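The structure displayed is predicted, hence computed values, not measured ones. Just so it is clear: chains get the letters A, B, ... in the order the sequence lines come, proteins before strands, and each one is counted from 1.
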Amino acid sequence: MTRMNRITKLFAEATEPILNVYATAGYPNFGDTMTVLNALQAGGVDIIEIGMPYSDPVADGETIQQSNQVSLDQGMTVAHLFEQLKNMRQTVTVPVLLMGYINPVLQYGVEAFCKKCAEVGVDGLILPDLPMAEFESEYQAIFEHYGLYNIFLITPQTTDARIAQIDAISKGFIYMVSSASTTGAKTGISSDQETYFKRIEAMNLKNPRLIGFGISDRSSFLKASESAAGAIIGSAFVKLLGQAQDLHAEIVGFVQSIKGKK
Amino acid sequence: MNQSFQVDERGYYGDFGGAFIPEMLYPNVEELRSRYLDIIAEPSFQEEFHALLKDYVGRPTPLFKAERLSAKYKTNIYLKREDLCHTGAHKVNNTIGQILVAKRLGKHKIVAETGAGQHGVATATVCALMGMECIVYMGAIDIERQAPNVARMRMLGAQVVAAQSGSKTLKDATNEAMRHWINNPVDTHYIIGSVVGPHPYPDMVARFQSVISEEMRSQLQEKEGRDYPDYVIACVGGGSNAAGAFYHFLDEPRTQLIAAEAAGQGVSTGHSAATTFLGKPGVLHGSKSLLMQTEDGQVIEPYSISAGLDYPGIGPMHANLFQTGRAKFYDITDEEALEAALECSMLEGIIPALESAHALAVFGKLHAKANEVIVVNLSGRGDKDLSTYQQRLKLND
């Protein structure tokens, strides 16, 4: 792979805070995946994170769990998702990440999975239950062969020594979990969290950071972006998907409101 | 003793095990991993652990020669009476050990998952004993079918929280307990109830339960003049009582290890929990093991009449025992377990838990010889299952 990964390019060229939005695949309806992706891009999103639904998403709170269950009940599988994404790059130009849990990837076959990701134009993966040690010994070479970045998480409890290890092995960006929590459990940013943000900022890591968990609106997005390259919104957006009457218009409006373009 | 079926330094049993956990759990699990062996080895820990096992749990539990069962099956059957442990099952061996570890880690709140409620009761019990706050997650469906254990936990001061996600049973209760730990990482210890979860849990729980086979050895020496049986039989859901019953015989080639899995209505009916028959390698609750799952890697909800055995996975130690052929696995249906429970009650005056009844149902399939010695781990008592027994064995007629 000789092309520059879209994630690297984005961070190198960005002039304003980067907005990454998470959307569960096949949600609210089985066939909505591409509609959601196109609307996110139309609204001005910088990165799209597509959630691969899983029956037992332990890092996720209620909102994302429910969306996963609805999507699975509607028949979503990894294979169906790749089918839905096969012409994605005809319209979507922003970086795309797949987020999910390791078991469905293992069952699909790690190599086959990575190959498909490269074919449809996925740029990176977020697999929260794939630990760093396993990644290094079993997965890193395959991911790199297919030009995929593996995005690691850090939390307020991650030690400086481990953050340094994660920084060394990371490509693209580091996903900075804003507080000790599952997704969607807390909203807003406390002064404790700001202290944590500043502490990490002072570490001068080689990778840029995006802050996620608890980011739901423009004010929390801007607050987080003061100490990082940008932020990630998940549960708040999934909630909108679950309630939207006019999917395209509401998604565009949501992204514009976060980016301050409305 | 160098036991080759034990966990290795990477946290694996052969191909199975590891610690597949989100970064949010890493500091807690890593703290536990780096300290559990030292803590368990401390003389003060050993002293406190064994004193509580003796005076609080009531150990050693008897090894009882079941004469009438032996006569029926023309062999020598011993029952390891874990049903006589305080709280009515082996689960308390582990919760005593883990709460002593939690204390030494400076934790003062406990979270746990429970299926049938036995582990929840055992956890609530030790939390009351140690004055620690206790939250137990239990599937909403299990709360309904195990009402007496819910009442016991509440009387012991525990907060019982219904797991409403997914299939609302044990696997979802485990998910919720993990999520609770993610949200409360500093002051809380998670007491897992079986030999599942990320390393070091399977090994730590097996060590605490290994008192079962340690006692079997000395008791057999006394009763049979040899410190090993020809067969050890135990039921396996996640597999904690089996891990304890097998532990000191893992490298004893003269002992056959027999695991009884819950076949539910039968392994090919779609209503089963027999993981070694139906599962494939996969990752659930932090470890790689055998797992009942769809082609797409989604976890399948298992079924068994016994709420303590309907888990879609199996501890990584047992997956390795299965894969290497060290243990033999039998699939026992609901009906077979019910018959075995009735038989043990009528012949020995002991009403077993439905889980343990799966182990008792293996006798008829073993064809053991007259001079052979079988030990079956009677992991729990049947009080909690009386309403099922009443219904299914038509005891009201």
Residue, of Leu153(A), Leu127(A), Asn68(A), Ile102(A), that accumulates the most heavy atom pairs under 4.5 Å with chain B: Leu153(A)
Where on Phe213(A) is there a heavy atom nearer than 4.5 Å to chain B: the side chain, the backbone, both, or neither? side chain
Just so I understand: if I count every heavy-atom pair under 4.5 Å between each of Lys280(B), Gln293(B), His180(B), Arg179(B) and chain A, which residue has the most? Arg179(B)
Contacting region of Leu291(B) [heavy-atom separation from chain A under 4.5 Å]: side chain
Check whether any side-chain heavy atom of Leu32(B) sits under 4.5 Å from a side-chain heavy atom of Val101(B), and report yes or no. yes
Is chain A contacted by the side chain of Tyr26(B), its backbone, both, or neither, given a heavy-atom distance below 4.5 Å? side chain
More than 12 heavy atoms of other groups within 6.0 Å of Gln164(B) CD: yes
Side chain from CB out, backbone as N, CA, C, O: work out which of these in Tyr54(A) comes under 4.5 Å of a heavy atom of chain B, or both, or neither. both
Below 4.5 Å, heavy-atom pairs only: which of Pro156(A), Ala79(A), Ala59(A), Pro128(A) has the largest tally toward chain B? Pro128(A)
Check whether Ile182(B) gets within reach of chain A through its side chain, its backbone, both or neither, counting any heavy atom under 4.5 Å. both
Of the listed residues (Ile154(A), Leu130(A), Thr158(A), Leu106(A)), which shares the most heavy-atom pairs with chain B below a 4.5 Å separation? Thr158(A)
So which part of Met52(A) gets closer than 4.5 Å to some heavy atom of chain B, the side chain, the backbone, both or neither? neither
I'd like to verify something: which residue of Asn183(B), Val186(B), Asp172(B) has the highest number of heavy-atom pairs under 4.5 Å with chain A? Asn183(B)
Which atoms of Pro281(B) are under 4.5 Å from chain A, going by heavy atoms: the side chain, the backbone, both sets, or neither? backbone
Kindly determine whether Phe173(A) and Tyr149(A) satisfy ring-ring contact (aromatic ring centres under 6.0 Å, His included), including the steps that lead there. CA-CA 9 Å; Phe173(A) 68 94; Tyr149(A) 287 179; 9.0 Å; no
Donor-acceptor pair between Tyr201(B) and Asn94(B) side chains, under 3.5 angstrom: no
Begin with the C-alpha distance, continue with both residues' side-chain angles, and end with the deciding distance and a verdict on side-chain hydrogen bond (donor to acceptor under 3.5 Å, both in side chains) for Glu111(A) and Tyr146(A). CA-CA 9 Å; Glu111(A) 175 105 31; Tyr146(A) 290 101; 2.7 Å; yes
Pick one of side chain, backbone, both or neither for Gln157(A), based on which atoms fall under 4.5 Å of a heavy atom in chain B. both
Does the side chain of Asn28(B) pick up a donor-acceptor pair with the side chain of Tyr190(B) at under 3.5 Å? no
In terms of heavy-atom proximity below 4.5 Å to chain A, should Met178(B) be classed as side chain, backbone, both, or neither? side chain
Would a 4.5 Å heavy-atom cut-off, applied to side chains only, mark Val238(A) and Tyr27(A) as touching? yes
Distance alone, cut at 3.5 Å: any donor-acceptor contact between the side chains of Ser190(A) and Gln193(A)? yes
Cut-off 3.5 Å, side chains only: do Ser235(A) and Thr63(A) have a donor facing an acceptor? no
Is the shortest side-chain heavy-atom distance between Ile18(A) and Ile47(A) below 4.5 Å? yes
Heavy-atom proximity to chain A below 4.5 Å, by part of Glu301(B): neither
